[in-house]
Amino acid sequence: MKTICLYFEIHQIIHLKRYRFFDIGTDHYYYDDFETERTINDTTERCYMPALDTLLSMIKENEGKFKVTFSLSGVGMEQLEMHAPQVLAKLQELNETGCVEFLAEPYSHGLSSLINEESFATEVKRQCEKINEYFGKYPTVLRNSSLIYSDDIGAQVANMGFKGMVTEGAKHVLGWKSPHYVYNCTLNRNLKLLLRDYQLSDDIALRFSDTGWDGYPLFADAYVDKIAALPDEEKNINIFMELSALGIAQPLSSNILEFFKALPACAKERDITFSTPSEIFKQVKSVGALEVPDTLSWVDEERDVSPWLGNPMQREAFNKLYSVADRVRISNDPRINQDWDYLQASNNFRFMTTKPSNVGLDRGIYTSPFDAFTNYMNILGDFISRVNRLYPEEIDNDELNSLLTAINNQGEEIEMKEKEIIRLQAKVEKMEKAEAARREKQAAAKKKTATTRKKAVKAASAEEKETE
């Protein structure tokens, strides 16, 4: 039986303001709050709420047979908290149906997995905690920013305790293989992989309303027929896209939501179900390892990391940002940490791309890739100077590593002591309960003895009276 794994990404861009060279050292606030709020409100009205309402009604109408998966960045959730809390409330309502899974991902929606393992692990942990805070569960499956994956990243994710990842079914990686099977990481077979079918996904996300496309108009029954016509042994159909496809990339006037509403009934007619990634990983064995020595993603034709790191400007900005990663990690300064999250976001590097095939790229305030680079580097110059005031450049990496090790050791020691305190408290409570039970038993025995004595005295007194 075939099953469809339907997944949506939710992330919000934090718009940077125009920041000039002469602002460095005098202005430490880098964001265009008006544009960020305007974008979120617009996306919420045109996409998030109509799409989520539709998905909720689909779950209810199909009595739990329709299932869906979401991945939310931490910074995206922060922005929704401030500007559109109704979106998070609707996601909580969806969560209560039991038909929704939430995935782990880097908190910032950044590229830390490509350069700094500690930063990547810390980000994922923070995002998992935020997901648990809202939805009462810790994710067991991870989705990296823009589905970025490699063998090395998979090995690290497995060591972090995750059961699986979702990534791109790139043709240059798969070769003759199909994306419709479960695979595993070549460096750690315990980590299973689900691969996005980019043709079926992009038929909806990119081409649905394109009147020049030879598949236009796309109807739900024809779409499900494509899936049903796949070979019988190809059972896992993974359709991944941004939630903004439902209302922004494909306007509501295109009847995109009506298309989705019809999918469950069409799938049921062809004996096709819907599943979440964790359900598939529990039920389906891997058919073998997927070798990905070079990093892949779901963006552009090449399906690699060139949209963010493809030219010298992007690489310079990226390397300069992460040159202070260790300093930021030990700073424990709330403002520094928030700026670090926002500056890591992958869109900051995407705006600098010089690639000609930029699907869906809106540079916002920037007139060119060089303009985006210049603005970002001005901001980065100020940010790094603030970090260096906390930990001067004279402190080399070896000293920082020693400091980090000391901090980690202290943290482990504190954790061990806290566990020991908890153990001793439990032992004391157990002893106090035992002592209370002993005293209660002793008191009962004394009471019983006193009662026996009273009865004996009373009986003796009665006997004396009879003798008289």
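Hydrogens, waters and symmetry mates are skipped; everything else that's a heavy atom, side chains included, is used.
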_Does the plane of the ring in Tyr29 sit parallel, tilted or perpendicular to the ring in Tyr31? Use 30° and 60° as the thresholds._
perpendicular
*asked:* For Lys261, is there an ion pair with Glu61 - N to carboxylate O distance below 4.0 angstrom?
replied: no
*Identify the two heavy atoms, one from Ala84 and one from Ile40, that lie closest to each other, and give their separation to 0.1 Å.*
CB-CG2, 4.0 Å
*So, do Leu142 and Leu103 sit near enough that their side-chain heavy atoms are less than 4.5 Å apart?*
no
_For Leu88 against Met77, the heavy-atom pair lying closest together_ = CD1-O, 3.9 Å
*Cationic tip of Arg207 within the cone over Tyr216's six-membered ring, i.e. under 6.0 Å and within 45° of the normal?*
no
*Are any of the side-chain nitrogens in Lys282 or Glu279 under 4.0 Å away from the carboxylate oxygens of its partner?*
no
*Would you say Lys268 has more than 12 foreign heavy atoms packed within less than 6.0 Å of its NZ?*
no
*Would you call Lys226 and Asp203 a salt bridge, using N to O less than 4.0 angstrom?*
yes
*Knowing that exactly one of Val182, Asn184, Val173 qualifies, which makes a side chain to side chain contact (heavy atoms under 4.5 Å, CB included) with Leu290?*
Val173
*Using the six-membered ring wherever Trp is involved, compare the ring planes of Tyr322 and Trp340 and label them parallel, tilted or perpendicular (cut-offs 30° and 60°).*
perpendicular
*Is Lys355 paired with Glu302 through a side-chain N to carboxylate O contact shorter than 4.0 Å?*
yes
*List for me each residue that meets side chain to side chain contact (heavy atoms under 4.5 Å, CB included) alongside Pro231, sequence neighbours excluded, and say none if there are none.*
Glu233, Glu234
_Before we go on, tell me: are the rings of Phe259 and Phe219 under 6.0 Å apart, centre to centre?_
no
_We want to know whether Asp371 and Tyr376 form a side-chain donor-acceptor pair, criterion being a heavy-atom distance below 3.5 angstrom._
no
*For Ala121, enumerate each residue passing the side chain to side chain contact (heavy atoms under 4.5 Å, CB included) test, keeping only those at least two apart in sequence or located in another chain.*
Gln156, Met160
*So, Asp300 and Arg350, do they make that salt bridge, N to O below 4.0 Å?*
yes
*Under a 4.5 Å cut-off applied to non-hydrogen side-chain atoms, are Lys235 and His180 in contact?*
no
*Is there a side chain to side chain contact (heavy atoms under 4.5 Å, CB included) between Phe281 and Thr140 once you walk through the steps?*
CA-CA 10 Å; Phe281 289 144; Thr140 60; over 6 Å; no
_Over 60° means perpendicular and under 30° means parallel, so tell me whether Phe102 and Phe135 are parallel, tilted or perpendicular._
parallel
*Between Asp304 and Ser306, do the side chains contain an N or O donor and an N or O acceptor separated by less than 3.5 Å?*
yes
*May I ask you to say whether Lys17 pairs ionically with Asp27, meaning some side-chain N is under 4.0 Å from a carboxylate O?*
yes
_Between Glu123 and Ser108, a side-chain donor and acceptor under 3.5 Å_ = yes
*Counting only N and O atoms by type, is there a donor-acceptor contact under 3.5 Å from the side chain of Asn62 to the main-chain atoms of Gly64?*
no
*Could you verify whether a donor N or O on one side chain and an acceptor N or O on the other, from Thr273 and Thr3, lie under 3.5 Å apart?*
yes
*asked:* To check you understand the geometry: which heavy-atom pair defines the closest contact between Met165 and Gly154, and what is its length?
replied: SD-CA, 4.3 Å
*Is it true that Glu129 and Arg126 have a side-chain N and a carboxylate O under 4.0 angstrom from each other?*
no
